[in-house]
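These values consider heavy atoms only, across backbone and side chains, with no hydrogens, waters or symmetry-generated copies.
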Amino acid sequence: MVRIMGYRRRLQNAFEHAQCLPLGENTRYILLSDCHRGTGTSYDNFLKNQHLYVAALQYYMQRGYYYIELGDGEELWENRCRDQIISSHCETYRLFDILERKCRITRLFGNHDHVMEGVLPEAVILQTGNGCVKIGLTHGHQVDFKNSVMCCLTRFLVRYLWRPLEQFGVNDPTSAAKNNKRADRTERKLEQWAKENGIILVTGHTHRPRLTETVYQAAEGIYLNTGSCVHPYGITGIELNGLRAYLVKWKMTAGSDMILRAEREILAGPLVMIACN
């Protein structure tokens, strides 16, 4: 009999070989997730926000941020050909190439791009030099049985059943982002795991942005979520400026001169992290 590991063990496995990056007063990270970049068709949920995304990415590049994408960057459940996705969003991948040359980008895989396992890592750990403050970054699908253990079956259903039905207004029941009850269960598990392990856990997956304005003491557990890049009203993400975290939103606004501009707004924060001596 095959024994299926529980969600706690699946999350633990994700961090066992995680990439480690420094966290300190002078580090800057921008955390985004769930871009779901597609092939430029009407099914491409990223298409409506692609110009906003490029503007936001340029903003962070100019200010020396390190870009971390927490999975589901590419929509490889609905689409088979990654090359077509890259050609449809060539400006985004041009900026990725620049960040790669500067060693300022890490992209993780999620459930919708899990075929990139082995090419992209599953998790990243940010921590201070003394290890007092530790932030675990991953997609978050590991606690969602249908989107982790049953990933291949769920991908088949999405690609050949739920995708065609979307045009008739039928939501995919396997998606945590489109099913509030599933999202609630997923987030309760992620929050519980963060508390049990005394870590700041940041994920995407549910597309529901979350950050509490508070002071974080070492060894406490707290769960945060970046949201997504496919909201109808714009893009949400989490900025880490030193030991302070902010939930931000990027949206399009029109000035009195009738020119559209990408605008950054702080939705929540700061979450202040106290590094022990």
Would a 4.5 Å heavy-atom cut-off, applied to side chains only, mark [X] and [Y] as touching?
| X | Y | result |
| --- | --- | --- |
| F109 | T138 | no |
| V202 | L70 | yes |
| I125 | L21 | no |
| R37 | T92 | yes |

Verify the distance criterion only: is there a donor paired with an acceptor across the side chains of [X] and [Y] at less than 3.5 Å?
| X | Y | value |
| --- | --- | --- |
| H36 | E74 | no |
| D34 | H207 | yes |
| Y7 | D144 | no |
| S87 | Y93 | no |

Check your understanding: Which is it for T206 and N225 under the side chain to side chain donor-acceptor pair (under 3.5 Å) test, yes or no, and what are the steps along the way?
Key -> CA-CA 8 Å; T206 66; N225 196 297; 3.2 Å; yes
Can [X] and [Y] be counted as an ion pair, charged N to O under 4.0 angstrom?
| X | Y | value |
| --- | --- | --- |
| E187 | R182 | no |
| R107 | E100 | no |
| R208 | D184 | yes |

Just verifying a value: how many Å separate [X] [atom1] and [Y] [atom2], rounded to the nearest 0.5 Å?
| X | Y | atom1 | atom2 | result |
| --- | --- | --- | --- | --- |
| R82 | I85 | CZ | CD1 | 8.0 Å |
| E16 | L11 | CD | CG | 11.5 Å |
| H141 | R10 | NE2 | CZ | 9.0 Å |

Indicate the atoms forming the closest heavy-atom contact of [X] with [Y], along with that distance.
| X | Y | value |
| --- | --- | --- |
| L108 | L120 | O-CD1, 3.9 Å |
| R210 | L247 | N-CD2, 4.3 Å |
| C35 | G73 | CB-O, 3.6 Å |
| H205 | T186 | CD2-CG2, 4.0 Å |

**Study point:** Transitive ILVMFWY side-chain link I86 to L47, under 4.5 Å
**Key:** no
Review point. Hey, any chance L211 and Y233 share a hydrophobic cluster, counting ILVMFWY side chains that come within less than 4.5 Å of each other, even indirectly?
Key: no
Practice item. Determine whether more than 12 heavy atoms belonging to other residues, nucleotides or ligands lie under 6.0 Å from atom CZ of R244. Key: no
Okay, side chain of [X], backbone of [Y]: is any donor-acceptor separation there less than 3.5 Å?
| X | Y | result |
| --- | --- | --- |
| S33 | T226 | no |
| R63 | Y59 | yes |
| Q192 | L190 | no |
| D257 | I259 | yes |
| T41 | Y43 | yes |
| N49 | H231 | yes |

Exercise for review: Under the ring pair (Phe, Tyr, Trp, His ring centres under 6.0 Å) rule, collect the residues that match up with Y53, sequence neighbours excluded.
Suggested key: F46
**Study point:** Full working for side chain to side chain contact (heavy atoms under 4.5 Å, CB included) between Q127 and I135
**Key:** CA-CA 6 Å; Q127 64 180 7; I135 304 177; over 6 Å; no
Point to revise | Residue pair F96, Y67: steps toward the ring pair (Phe, Tyr, Trp, His ring centres under 6.0 Å) verdict | key: CA-CA 9 Å; F96 284 177; Y67 176 76; 5.7 Å; yes
Check your understanding: Do E91 and Q50 pass the side chain to side chain donor-acceptor pair (under 3.5 Å) test, and can you show the C-alpha distance, the side-chain angles, and the key distance before you say yes or no?
Key -> CA-CA 9 Å; E91 181 62 14; Q50 64 171 331; over 6 Å; no
Point to revise | Criterion side chain to side chain donor-acceptor pair (under 3.5 Å) on Y65 and N241, from CA distance to verdict | key: CA-CA 9 Å; Y65 279 76; N241 293 317; 2.5 Å; yes
Exercise for review: Would you list the pairs meeting salt bridge (charged side-chain N to carboxylate O under 4.0 Å, His left out) in which at least one residue belongs to residues 264-274, sequence neighbours left out?
Suggested key: E239-R264, K249-E265, K251-E265
Point to revise | Worked verdict on L31 versus L137 for side chain to side chain contact (heavy atoms under 4.5 Å, CB included) | key: CA-CA 9 Å; L31 314 179; L137 311 176; 3.9 Å; yes
